[in-house]
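Numbers here are sequence positions counted from 1. Worth knowing before you read on, the calculation uses all heavy atoms, side chains too, and leaves out hydrogens, waters and symmetry mates.
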Amino acid sequence: MANHQRTKYPGVRARESLAKKHKGRPDLYFTIYYTRSGKTVFEGAGFASEGIDAKYVSTVRSDIVRNIRLGTGYQSLAEKRAMENKRKADELLKKEALKRENMPFSKLATKYIEWAKGEKKSWKDDRSLYLNHIKPAFETIPIKDISMIHLEKLKKNLQLKKGRYGKKLSDATIKHCLVLVRQMFNKGISWGLYEGVNPVSATARENKKFLQIADNKRIRFLAHKEADTLLNELKSSSQQLHDICQLSLYTGMRVGEVFNLNWNDIDLEHGCISIKDPKSGGNRNAYITPPLRKLFHQIKSSNPVAKGLIFKNSKGKKIREISNAFNRTVERLGFNKDITDRRDKVVAHTLRHTFASWLAMQGETIITIQKLMGHSNLEMTLRYAHISPSHERDAVNRLANGERDKLVKLKVNDE
């Protein structure tokens, strides 16, 4: 760098750079000097190539000198730069805050689903709930604007909405949607994308019934005679429908799990059925009893080289839902006659519920039932494996008879 040269502006000097060029000439580097607290201060202002010139530097120096005299504002170039950097940082923070405030719910939901892919086994269920039920209502609304009125409207619309096959959404599905929105907001808060109170939590505190759902526990299960009657009737309609229902009844498998069964899952030699990726996650086994062994042999005898899916639709593809012939058979048998409470109605899931109930009635432990049903927690097992009132009555009668017999024995011994 060459020696400093004075300029026509007081307190401003410039010197030519030996290394840098600007517009074909040596670049100029400007400095200022001034007095502060009785000492002369020298500060570099910058190069001409950076947009700095003597006039600008002189103006800045004049501001510094005035501020020193008045005791206000920046009193050096360093302070000026610090204040400028702070102003830019504040502007950036405001811009980011404004961006967050105006962020549409879809952005938060997309980020949540991406996170859920690596953290939750049920991420596909979350994605489905969002795309089918939440996104149409909240997609473009800024997350800061979602309030109690939006959530109440969402719940009401979901209660009126019809899902697949024209059926109304279940109360459980509606609750899962609302809980999913709450989880998304919680994550948004932890990620710094949203500031404030979770609107779902606030709504639930204001309206105690907001996240409540009706008791959906099924009460109805089949007596052994009813089960035999149903299977016989189904057999007259469709052998395959009969086989699907018998398999569910004798193993406790969900009909969806039956539809997924592959011949590779069947081990007739050891009497086991491998159920892969059931609803609760992981794998579990079901067991082949004599009636089921006979069933599989009959299916095999009609197609010795059968492979792939055990049960297929008319097009050779995977079955997606139970045949309407099931409901027609149930109606023909009068099982649902004059029944208005859905919990008391016989449906395909009643077969699985019956399996658990029969196990409970014969005295199997809750842990055994839980394992056979593939429940992730005992609460679910207690929900399905209840004991019928008649069975409770029989238990009380056995107790009473046992006590009476004991008293008779004691009396005889005394005599």
Peer 1: Starting from the C-alpha separation in whole Å, work towards a yes-or-no answer on side chain to side chain donor-acceptor pair (under 3.5 Å) for Thr350 and His353.
Peer 2: CA-CA 5 Å; Thr350 303; His353 182 62; over 6 Å; no

Peer 1: Using a cut-off of 6.0 Å, state whether more than 12 heavy atoms not belonging to Lys371 lie near its atom NZ.
Peer 2: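 Result for NZ/Lys371: open.
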
Peer 1: Can you tell me which residue among Arg127, Lys187, Lys107, Gln183 is in a side-chain hydrogen bond (donor to acceptor under 3.5 Å, both in side chains) with Tyr112?
Peer 2: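 Between Tyr112 and the candidates, side-chain hydrogen bond (donor to acceptor under 3.5 Å, both in side chains) is satisfied uniquely by Gln183.
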
Peer 1: Strictly distance-based, threshold 3.5 Å: is any side-chain N or O of Glu16 a donor or acceptor partner for the main-chain N or O of Asp27?
Peer 2: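 No, Glu16 side chain to Asp27 backbone: no donor-acceptor pair under 3.5 Å.
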
Peer 1: Do the side-chain N and O atoms of Thr173 and Ser170 include a donor-acceptor pair separated by under 3.5 angstrom?
Peer 2: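 Distance-only check passes for Thr173 and Ser170.
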
Peer 1: Check this for me, if you would: do Lys80 and Glu84 make a salt bridge, where the nitrogen-to-carboxylate-oxygen distance has to be below 4.0 angstrom?
Peer 2: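 Looking at Glu84 together with Lys80, the answer is no, because their closest N to O distance does not fall below 4.0 Å.
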
Peer 1: Look at atom CD1 of Ile149 and say whether more than 12 heavy atoms of other residues, nucleotides or ligands are closer to it than 6.0 Å.
Peer 2: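 Atom CD1 in Ile149 is not crowded, with 12 or fewer foreign heavy atoms closer than 6.0 Å.
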
Peer 1: Donor-acceptor pair, Arg352 side chain versus Met373 backbone, under 3.5 Å?
Peer 2: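 A pair under 3.5 Å: yes.
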
Peer 1: Taking NZ, NE, NH1 and NH2 as the nitrogens, is one of them in Asp228 or Lys225 under 4.0 Å from a carboxylate oxygen of the other?
Peer 2: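 No, no charged N to carboxylate O under 4.0 Å.
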
Peer 1: Charged N to carboxylate O under 4.0 angstrom, Asp90 versus Lys86?
Peer 2: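 Yes, charged N to carboxylate O under 4.0 Å.
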
Peer 1: So do Tyr287 and Leu372 actually touch side chain to side chain, heavy atoms under 4.5 Å?
Peer 2: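 Yes, at least one pair of side-chain atoms sits under 4.5 Å.
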
Peer 1: So, for Leu231 and Tyr250, which heavy atoms are closest and what is the spacing to 0.1 Å?
Peer 2: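 Reported closest heavy-atom pair: CD1-OH, 4.4 Å.
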
Peer 1: Tell me whether Lys117 is salt-bridged to Glu114, with the criterion being a basic N under 4.0 Å from an acidic carboxylate O.
Peer 2: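 Yes.
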
Peer 1: Would Phe259 and Phe311 count as a close aromatic pair, with their ring centres under 6.0 Å?
Peer 2: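 Centroid distance Phe259-Phe311: not below 6.0 Å, so no.
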
Peer 1: Do the non-hydrogen side-chain atoms of Thr368 and Leu359 ever get within less than 4.5 Å of each other?
Peer 2: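 Side-chain contact under 4.5 Å: no.
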
Peer 1: Using a strict cut-off of less than 4.0 Å between a Lys/Arg side-chain nitrogen and an Asp/Glu carboxylate oxygen, indicate whether Glu257 and Arg284 qualify as a salt bridge.
Peer 2: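 Looking at Glu257 and Arg284, the cut-off is met.
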
